[in-house]
Amino acid sequence: MSMKKFSERSHEIPPKASVVLASNLEEEVFSEKFNGDVIKRFFSYVKPYKRQLIPALIAVIIFTITSISIPLIIKNVFDSTLSGDNNNTNLLYLFVAGFFVAIIFNFISNYLQEILVGRVAEHILFDMRTAMYEHLQSVSLSFMDKTESGKLMSRLQGDVAALQEFLHTAVFAIGDFVLIVGIIITMLWLDFRLGLLTMVVIPALLLIRIIWIPFARSAFLKARITSSIVSGALAENINGVRAVQGMTREYVNYDLFDLRAKENLRAALKASRIGVIMLPTVDSLSGIARGIVVIVGGIFVLNGEIETGVMVAFVLFIQRFFDPIRALTMHYSVLQRAMASGERIFEVIDVPVEMKDKENSIIMDDLDPSIEFNNVTFGYLPNQPILKNINFKIKPGETIALVGPTGSGKTSTTALVHRFYEIWEGEIKIGGVNIKDIKLQSLGNNVSMVLQEPFLFSGSILENIIYSTKNISFQKVVDAAKAVGVHDYIMELPDKYDTQLEQRGENLSIGQRQLISFARAIVRDSKIIILDEATANIDSYTEMQIQNALKVLLEGRTAMVIAHRLATIRGADKIIVLQNGEIIEQDTHENLIKNKGLYYSLSSLNYSSFDDIPNHIIQKITNSTSGT
Amino acid sequence: MIVKNQTISARPLKNNDSFKVFTRIIKMSFKYKWKLFFGISAIFLSTGFSLYIPLLLGNAVDAANNLLSSNSGEVSTINDSKNQLYFICFLLLISSIGRGTFSMIHVYFGESIGQHIGYELRMMYYEKLQRLSFSYHAGVHTGDLITRGILDVEGIRMFVQTAILRVIFLTSLIGTGTFLMITTNPVLGVISLSFVPFVAWKATTARLKLRSNWYALQDKLSVLTKTMDENLGGIRVVRAFSAEEFEMKKYQVISDEALKLSNEQVSIRSQSISQISTAFFISMGIVLLVGGRQVMSGSITPGELTQFLAFMSILLDPVRQIGLMINGFARGSASGGRLFAILDLEPNIHDEDGSKDVKVNKGSLEFRNVSFTYEGDNHETIHNVSFKINPGETLGIVGPPGSGKSTIAHLIPRFYDPSGGPILIDDIDIRNFTLESLRHAVCVVEQDTFMFTASIEHNIAYGNPWAPDDRVEKSTHHAQLAEYIERLPEKYKTLVGERGVSLSGGQRQRLSIARSVMMDPNIIIFDDSTAAIDAGTERKIREELKSLTSKTTTIIISHRLSSLMHANKILFLNRGRIVESGSHNELLELKGQYQDLYNLQNKARGKI
């Protein structure tokens, strides 16, 4: 390949290129760092499954008892039948029979503990994901504005998957833990001194772990961060693949991605090295414990202080005792990842919900569709108001057009009617009622919004037009499609209304998507409509259709339109001219022209849209108009 | 332009295909010969030590017991036994440390191979996705591709890391155990291993069930991803329609289906795990019965039986882990199948054999009876299109939506290959150029511009990252974007993209123009890329570019006639065919569709 490899060029000037940002931007969004106890939080998700967990716990205990009783039976076989001269065959049969009974209990309890705990674990995982997702449906839009959906997706899927791995091992871990406790008790009961001596290794193990944990934690954290960077880079490249191919960035990106992937590889290997160190540690300690049993136990047997069976049981128990500890050690990375993932999940759930329905909030159906802004001030960032002291009133059935240069606050004004954001000062009333007193759900049912960039979901065209509106007949959908003039086009498609849309409706042109989003609003049939007219991105043919559709859409409704096209602006009952978050003028088209203010000056510039007028020109005009 | 949804190619594999997946993964790990060698050697050593430990413990019991039963009471014998015990204790310590150390080595090399293979797969996947053509990407959901790149790579990695070496470990453990037990006592040995065939059978059937379950689950999770991704992307629509409940219901349906599959998986796993352990215990019970009788008859010592049972209990944990391993195998083959399905795709657009890095000299462009049909579509999007542009000339293309304008633009850099008729640059069929050199020579300024999460500077220099700083500034100046950038707080270092400053449609298009100018193309195609830029600014950009592109062949696709009226030649496209062509004035004189459009636009733009 002709383009030089990145590595070959690294000695030259550094490229203006990166595949993904390495800095940990994510932390900024979740500024309120989660500080509660992850495990405690986790248990609140376990609680609803108390009923299933009680039998599960019983199963775990039975399982543990049978697991312990198996070596005990073997011990008794040795004590009563094999050592010394009492060759009692019947007793042997009896013990073997007991052994098989224990196995049956072991089997049933093993199955039950696996299935009960396993299912509860799956339910918990799904609950947590649902909790996150549901929460995201109600957090403020200002939070969503700041957050990449990809990053949220990695929490919704990646972190839940990491927890799943943990819960799978947790099923074993719960049993193992009970087992360890059971073995400790049994060993102490069999022979207190020998039992106690065997336990001396435990404090040593704990001490080593305490020293080891900080190192392990930082290594595993590094591995996790580098891995999420790699995932981010992959996701971005998939989303932007057309740009990548169009500009032949494949080789550069490959090399840059390689750097990130290698970084992740190194971090993962380092974490793994730190992780496996615990293996010889645990094994050496278990060797010491065995040694103690052999020497002390052996001497006790020699001195006749204990029976051979006790020593045999100890030998078997030691094995059973260290296996789970060993397994837990090997699963440390899983545990680490689970804790980190749990934290990231709870961070999402802890994002505060700013907007809630008040008690006794009103259902809006009977209100008349008038809109009123009284001294409204609002901004996204503290001390940086986007809208200042906005006052206007729209009577039922009226259409007003919002015009003004980019950044003048038009979109914010419309977003506030739907209570996407909370205002700082003043009040917004619909039908004379403050929107804060109206039930959010009913606000949504009565105020339709058509966004500038039409967003369609995957699914059929029919599903997209109906969307969430209830009780809509097919005929109504067809009527809506006819009204906006997209019906004929739909009928030409292979599957007509059942034609499946691709991701974001990309198999339709922007204009067609726009028309379908109009149809979606018409089907909703609400009294108030808010419309952000698309900028000039549409061809003349569709534009004509859209103009006609617009008339149908606005007919008989109270409408607030962010208007770009002259036809739309002139068709409005009233025009509100915004600049820098303030209303400069509001009146009818004719009067505004007569007044020769900002509107007049901007109109006479003959730009296709006010958004396009360069700032310096606007500045000049405002200076001159405010001067006069 | 309806492209039918392509079904994603990874379907559940047949059994021998799944075998192929395994051999393929295993072959990949053979690349790490030394790691594999050390890993496997370490496995054998740690297995040896693991088996030596119960042997020692049995000896210890015998040492303690024999003395007691011999009951001779001589001091020297007690001391002998004690010394024996000390020696056994020493050996136990050594073997425990040995077992731990070699386990460490084998686990580490296992993880290392897994991580390396994970890295390799990630790079292969990344490379493949970059090369797959537009027609492939149009048919798949990005969420699905991302899921595969993250979760399925992880699935294979876990399989390599835990399953491959563990299989060898378990086989060697059980194999050595078998050997030892059978040589110690053939009858007991056979009995104690009677659980193995059952485990083997159970493992196979459970793995098959689990694998198809993993497939179904992974697919369901992809749908879930898609649903959530769309919800978050379209959150404003969701809020505007107060459709939160509706969206939750939609999500809940899929989530519940996925949960059902997960629950099935739990029950398959629970069954196999509990049955496998029970099979093991049953053999143990029989050993106890038969062994007990042998001890009674005096044919073996109690120590020997202890040793036997200890051998067996060493196998208990690995046997329990077989359950987990089965799951790893099932997941590995499902993930492998899903990932390899993509890695094995041959991009339908690639360098032809013997394609040379031909430099585009002048940049004349010719379409000779070019036709094109989108995959899954049954009628031609463009039909028999022929035209020729000389270097430095400008061609305008206009026509109603769906007439095939953008398709023409996408054929030139070979984003798609035409189904009929060659496209020639400098009289050479474009399929004779390498893709890389072709796409360097041909630049399409797209209508929708993708912003990468990076600084403005990096975004502009995207196609030419080694360009000096002043090139970037010059390009933004040409594209009439410099003034805006200068006013940003961090100027060229300002972050754009999903998390950065959001640019308006017009600004994005201007950035896209700056990007293309950076690449110095011989042929530049504006695919409706000035639609969001006002006429005045567009005129300025055109003037700025005039000097730069005097030798560049330019194609302007637009629905705004003012954008292309100046072109040397204009094509009017309808339903994929050229219906009118000529200069602006010639076309007006034809009094055809072009003139109709011209009149329509003049009316719409009526003066105030």
Side-chain angles (χ1 to χ4, degrees), chain A residues 2 15-18 82 87 92 96 99 103 107 110-111 114-115 118-119 122 126 137 144 148-149 231 234-235 238 240 243 247-248 250 265 268 272 276 279-280 283-284 287 290-291 294-295 298 301 308 312 315 323 441 444 449 455 457 468 500 503 507 509 535 537 539 541 603 607-608 612, chain B residues 2 57 60 64-65 85 89 92-93 96-97 99-101 103-104 107-108 111 115 119 130 141-142 145-146 149-150 230 232 234-235 237 240-244 246 259 262 266 270 274 278 281 285 289 292 295-296 302 306 317 357 400-401 439 450 454 458 461 463 465 498 531-532 534 559 608:
Chain A
S2 73
K16 295 176 178 54
S18 49
L82 303 179
N87 276 353
L92 176 68
V96 171
F99 186 86
I103 290 175
F107 170 66
N110 192 4
Y111 176 71
E114 290 284 343
I115 197 160
R119 286 208 167 154
E122 292 295 338
F126 277 81
Q137 303 302 314
M144 299 300 287
E148 275 176 57
S149 58
S231 303
L234 176 71
I238 291 173
M247 284 179 276
T248 52
E250 291 95 330
L265 177 65
S272 154
V276 294
L279 270 179
D283 272 352
S284 305
R290 285 198 187 97
V294 164
I295 292 181
V301 174
T308 321
V312 173
V315 164
D323 273 345
Q441 177 73 36
M449 250 183 150
F455 187 98
F457 296 85
S468 67
Q500 293 293 314
Q503 188 174 10
N507 43 351
S509 76
T535 39
N537 234 341
D539 61 276
Y541 299 92
S603 304
Y607 276 88
S608 61
D612 289 331
Chain B
I2 284 279
L57 291 173
N65 205 31
L85 283 176
C89 170
L92 260 178
L93 217 55
S96 295
I97 293 170
R99 177 189 179 209
T101 312
S103 301
M104 171 179 80
V107 170
Y108 177 70
E111 284 189 13
Q115 293 287 0
Y119 159 80
Q130 289 202 121
H141 198 280
T142 53
L145 291 179
I146 296 169
I150 297 170
E230 279 191 354
L232 297 180
I235 191 82
V237 177
F241 278 81
S242 291
E244 291 90 343
F246 172 78
L259 179 60
S262 293
V266 170
S270 307
S274 55
T278 305
F281 280 129
L289 179 67
V295 172
M296 282 182 191
T306 313
D317 197 49
D357 210 3
R439 287 181 184 170
F450 188 84
H458 283 192
E498 225 186 327
D534 67 279
H559 47 71
I608 291 178

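Just so it is clear: chains get the letters A, B, ... in the order the sequence lines come, proteins before strands, and each one is counted from 1. None of these values were measured; they are calculated from a predicted model.
For A:S272, the side-chain hydrogen bond (donor to acceptor under 3.5 Å, both in side chains) partners are B:E111, not counting sequence neighbours. By the side-chain hydrogen bond (donor to acceptor under 3.5 Å, both in side chains) test, A:Q137 pairs with B:N231, sequence neighbours left out.
Looking at heavy atoms from C-beta onward, A:E114 lies out of side-chain contact with B:S274 at the 4.5 angstrom threshold. The side-chain heavy atoms of B:L92 and A:V294, taken from C-beta on, include a pair separated by under 4.5 Å.
Nearest approach of A:G291 to B:C89, heavy atoms of both residues: CA-SG, 3.6 Å. For the pair A:E122 and B:V266, the tightest heavy-atom approach, listed with the atom from each and the gap, is CG-CG2, 3.7 Å. In terms of heavy atoms, B:I97 sits closest to A:S284 at CG1-OG, 3.4 Å. Nearest heavy-atom pair, B:S96 versus A:G287, reported as atom, atom and distance to 0.1 Å: OG-CA, 3.0 Å. Closest non-hydrogen pair, A:I103 versus B:F281, comes out as CD1-O, 3.3 Å.
Heavy atoms closer than 4.5 Å to chain B are found in both the backbone and the side chain of A:F126. Looking at B:Y108, both its backbone and its side chain come within 4.5 Å of chain A, counting heavy atoms on both sides. Only the side chain of A:L265 comes within contact range of chain B, with at least one heavy atom under 4.5 Å from a heavy atom of that chain.
Within the model, atoms CZ of A:F99 and CG of B:L289 stand 10.5 Å from one another, a figure rounded to the nearest 0.5 Å.
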A:L279/B:V107 under side-chain contact (heavy atoms from CB on, under 4.5 Å): CA gap, chis, key distance, verdict: CA-CA 9 Å; A:L279 270 179; B:V107 170; 3.7 Å; yes
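Chain B forms more heavy-atom pairs under 4.5 Å with one residue of A:D283, A:I238, A:V96 than with any other, namely A:D283. When B:S270, B:A461, B:S262 are compared by the number of non-hydrogen pairs under 4.5 Å with chain A, B:S270 comes out ahead.
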